J.: 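The structure under discussion is supplied below as structure tokens; questions concerning it will follow.
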2 protein chains.
Amino acid sequence: MNRAILRITRQRRVILEELRKVDTHPSADEIYEMVRKRLPRISLGTIYRNLEILSETGEIQKLETGSHLKRFDGRADDHCHIRCRRCDRLVDIFVHLGAELDDRIRGATDFAVLGHKLEFVGICPNCQDQAAEAPIATAG
Amino acid sequence: MNRAILRITRQRRVILEELRKVDTHPSADEIYEMVRKRLPRISLGTIYRNLEILSETGEIQKLETGSHLKRFDGRADDHCHIRCRRCDRLVDIFVHLGAELDDRIRGATDFAVLGHKLEFVGICPNCQDQAAEAPIATAG
DNA sequence: TTTGCTGCAAATCCTTTGCAGAGGT
DNA sequence: ACCTCTGCAAAGGATTTGCAGCAAA
């Protein structure tokens with residue numbers, strides 16, 4: 001992927017701006033809808049291409065954990081996420097476990113440890129409230 | 001997904017047996033190939049349906065972290081994995097960080113924390129050796 | 001006998017790609 | 001002017017699903 005000098009196109013700039021505006025970790029398709037309000041003729045292909053490039057250069061983060069579709073994060077600094085099991089909402093958590101975790105497993109593997117992907121799973125406050133009103137029927 | 005009483009079909013049994021034989025965390029397609037040697041007429045659809053059911057009932061684990069395709073783990077007990085960045089091989093690690101990690105973030109979120117997905121990334125011994133002989137060209 | 005499961009094939013969903021023309025630098 | 005980027009549309013790969021017949025219980 002030896003990329004030459006990047007150009008700052010209108011599309012690339014707007015994609016980054018829109019992604020930086022939110023903390024909702026939208027999917028490519030959701031970003032497409034957001035950007036389309038400002039650039040109605042942009043194509044989904046361009047969205048995908050730019051999200052790929054922006055995450056390669058480290059300006060954004062591609063989140064591939066635990067969902068069938070990719071989500072993107074406008075923040076690239078050290079933080080992790082928690083996903084709601086009911087509504088699939090993904091929220092930032094600023095607890096820094098980073099290097100510590102990696103150190104803890106170095107004795108337990110013969111791999112050279114480079115890093116990790118961590119995502120918590122839970123129920124968000126909204127869905128907790130709904131559950132109180134109308135609990136989800138679990139088999140059994 | 002309120003499922004009724006499950007039947008133990010020949011297909012379901014063989015899929016589980018084959019998955020339990022290996023510690024390689026195969027994809028659906030790889031499991032298809034393994035099972036086909038014993039049940040040549042089985043279909044990929046049946047493989048997918050059964051892997052889904054078996055992971056719902058907790059007999060196996062569906063691994064969705066950090067790869068474009070799902071992998072499956074015949075062990076359902078508490079352990080995590082490390083993935084090789086070069087060859088994508090996925091290996092078990094038996095360091096138990098489970099409950100401890102969840103406790104550490106309970107103060108930092110208003111979600112009800114249920115658990116987490118954790119996957120380490122590194123370079124496996126094989127690929128380390130290869131790198132020593134012929135280092136991978138990185139852009140620059 | 002009941003009804004969950006199977007094989008088959010088509011459908012679906014997300015993502016990537018080829019191409020000719022547009023637009024940054 | 002050069003060469004990366006874009007829009008369009010088609011391709012791609014993994015997974016899901018409808019259906020009629022099959023087979024556990």
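From a predicted model like this one, the values you see are computed outputs, not experimental measurements. By convention in this document, chain letters (A, B, ...) are assigned in the order of the sequence lines, proteins followed by strands, and residues within each chain are numbered from 1.
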J.: Determine the contact category for Arg41(A): base if any of its heavy atoms lies under 4.0 Å from a base atom, sugar-phosphate if only primed atoms, P, OP1 or OP2 are that close, otherwise nothing.
T.: sugar-phosphate
J.: Go through dG24(C), dG7(D), dC14(C) for me and flag the one nearest to the Arg7(A) side chain.
T.: dG24(C)
J.: Let me know, please, whether Ser43(A) or Phe72(B) comes out on the 5' side of the other along DNA chain D by nearest nucleotide.
T.: Ser43(A)
J.: What nucleotide among dT16(C), dT6(C), dT4(D) has an atom nearest to a side-chain atom of Arg12(B)?
T.: dT6(C)
J.: Taking the nucleotide of DNA chain C with the nearest heavy atom to each, does Thr46(B) or Lys62(A) sit closer to the 5' end?
T.: Thr46(B)
J.: Just call it for Asp29(A): base, sugar-phosphate, or nothing, with non-hydrogen atoms closer than 4.0 Å on any strand.
T.: nothing
J.: Where the side chain of Leu69(B) is concerned, which of dT16(C), dA14(D), dT6(C) is the nearest nucleotide?
T.: dA14(D)
J.: Using whole Å, report how far CG of Leu51(B) lies from C1' of dC5(C).
T.: 15 Å
J.: Can you tell me how the ring of His96(A) sits relative to the ring of Phe94(A), calling it parallel under 30°, perpendicular over 60° and tilted otherwise?
T.: tilted
J.: In whole Å, I'd like the distance from the CD atom of Glu52(A) to the P atom of dT15(C).
T.: 11 Å
J.: How close or far is atom P of dC8(C) from atom CG of Leu39(B), stated in whole angstroms?
T.: 12 Å
J.: Identify the heavy atoms of Ser27(A) and Leu69(A) that sit nearest to each other, and give their distance.
T.: CB-CD1, 3.8 Å
J.: Ignoring the backbone of Ile8(B), work out which of dA25(D), dC5(C), dT6(D) is nearest its side chain.
T.: dA25(D)
J.: By nearest atom, which of the nucleotides dC14(C), dT16(D), dC5(C) is closest to the Lys70(B) side chain?
T.: dT16(D)
J.: Thinking salt bridges, do Glu100(B) and Arg104(A) make one under a 4.0 Å N-O criterion?
T.: yes
J.: Which nucleotide in the set dC8(D), dT6(C), dT15(D) lies at the smallest distance from any side-chain heavy atom of Arg49(A)?
T.: dC8(D)
J.: So, Arg38(A) and Glu17(A), do they make that salt bridge, N to O below 4.0 Å?
T.: yes
J.: For dT15(D), does either OP1 or OP2 sit under 4.0 Å from a side-chain N or O belonging to Tyr48(B)?
T.: yes
J.: Just how far, in rounded Å, is P of dG7(C) from OH of Tyr32(B)?
T.: 9 Å
